[in-house]
Amino acid sequence: MRQPLIAGNWKMNGSKASADALLRGVVAGSGGVSKSEIAVCVPFPYLYLGEQLLVGSAVRLGGQNLCTESGGAFTGEVSGSMLADFGCTYVICGHSERREYYGEDEASIALKLTRAIESGLTPILCVGETLRQREAGETEAVIAGQVDGVVDRIGIDAFAGIEIAYEPVWAIGTGLTATPEQAQAVHAFIRSRIAEKSASIAKKVRILYGGSMKPGNAAELLAQTDIDGGLIGGASLNADDFLAICLAGEQTAA
Ligand code: PEP
């Protein structure tokens with residue numbers, strides 16, 4: 001049985017004051033969550049705050065991106081070891097916003113996954129199709145390309161230390177959500193793709209769903225066989241909503 005992971009992706013939102021309040025709110029409510037793992041992926045400037053406020057709690061800290069290089073003259077970049085230094089457990093890699101706005105592709109994402117693992121972090125690899133691709137019947141081909149493009153570069157064994165998030169691009173921040181059946185079908189496809197290379201890793205790898213997951217739809221999504229948690233954008237900016245999703249995860253956990 002895979003333990004559910006509910007991870008918040010704050011994106012580029014908040015201020016020092018709001019980050020402080022949100023971190024405190026999540027920690028205060030996290031006591032009721034014992035069967036799921038909780039994480040918050042905060043903007044870089046709030047990592048120190050996160051490290052301070054999450055200490056002693058079960059809530060884990062994550063970054064939203066890292067550099068393809070491990071250190072040196074790369075102005076404006078942040079390395080995996082820096083994230084680890086601030087107590088991060090997780091780092092999001094290949095989010096669709098980074099693919100779309102910053103030109104990330106399988107080659108750069110594979111490097112980021114490698115740097116993350118070398119730094120002792122667990123990357124959360126995001127994959128997902130656009131609405132045009134779904135409507136053209138290309139969902140599985142797109143996802144296969146995104147998964148294989150990384151597996152072929154870093155090897156299947158690396159997936160023993162990677163979480164995957166299926167995030168249909170058309171559902172991110174739009175209020176549209178994949179139905180539980182649509183999401184389950186893609187999650188099962190991803191797992192089968194991994195299983196072609198390693199049945200044991202496919203059994204263990206967690207595949208999170210992301211795309212307008214909210215307290216009202218979380219339970220149904222999280223109840224699906226191959227959905228092992230959620231990557232939560234908008235709803236993670238409100239402690240009560242985020243915790244309600246974590247509690248929904250509790251119902252489905254063993
Ligand atoms: C995300 O960006 O990872 C995400 C899932 O966003 P939202 O929940 O707002 O759709």
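Counting starts at 1 for both ligands and their atoms, in listed order. Atoms considered below: every heavy atom in the structure, side chains included; atoms not considered: hydrogens, waters and symmetry mates.
Scanning the protein heavy atoms around atom 6 (O) of ligand 1, the nearest turns out to be G233 CA, 3.3 Å. At the shortest separation from atom 9 (O) of ligand 1 among protein heavy atoms lies G234 N, 2.8 Å. For atom 2 (O) of ligand 1, the nearest non-hydrogen atom of the protein is K11 NZ, 2.6 Å.
For the pair L47 and V42, the minimum side-chain heavy-atom distance is below 4.5 Å. Within the 4.5 Å cutoff, no side-chain heavy atoms of S79 are placed close to those of R115. Annotation: side chain of M213 is not in contact with side chain of T177 (no heavy-atom distance under 4.5 Å).
Under the ring-ring contact (aromatic ring centres under 6.0 Å, His included) criterion, the residue pairs touching residues 170-224 are Y166-H187, with sequence neighbours excluded.
One option in H95, E167, K214 has a heavy atom closer to atom 5 (C) of ligand 1 than any other, and that option is E167.
There is no side-chain donor-acceptor pair under 3.5 Å between Y90 and Q64.
Considering backbone and side-chain N/O of G173, one or more are found under 3.5 Å from N/O of ligand 1.
Residue contacts with ligand 1: A171 is included, with a non-hydrogen atom under 4.0 Å away.
Contacts between N9 and ligand 1, counted as non-hydrogen atom pairs separated by less than 4.0 Å, involve the side chain only.
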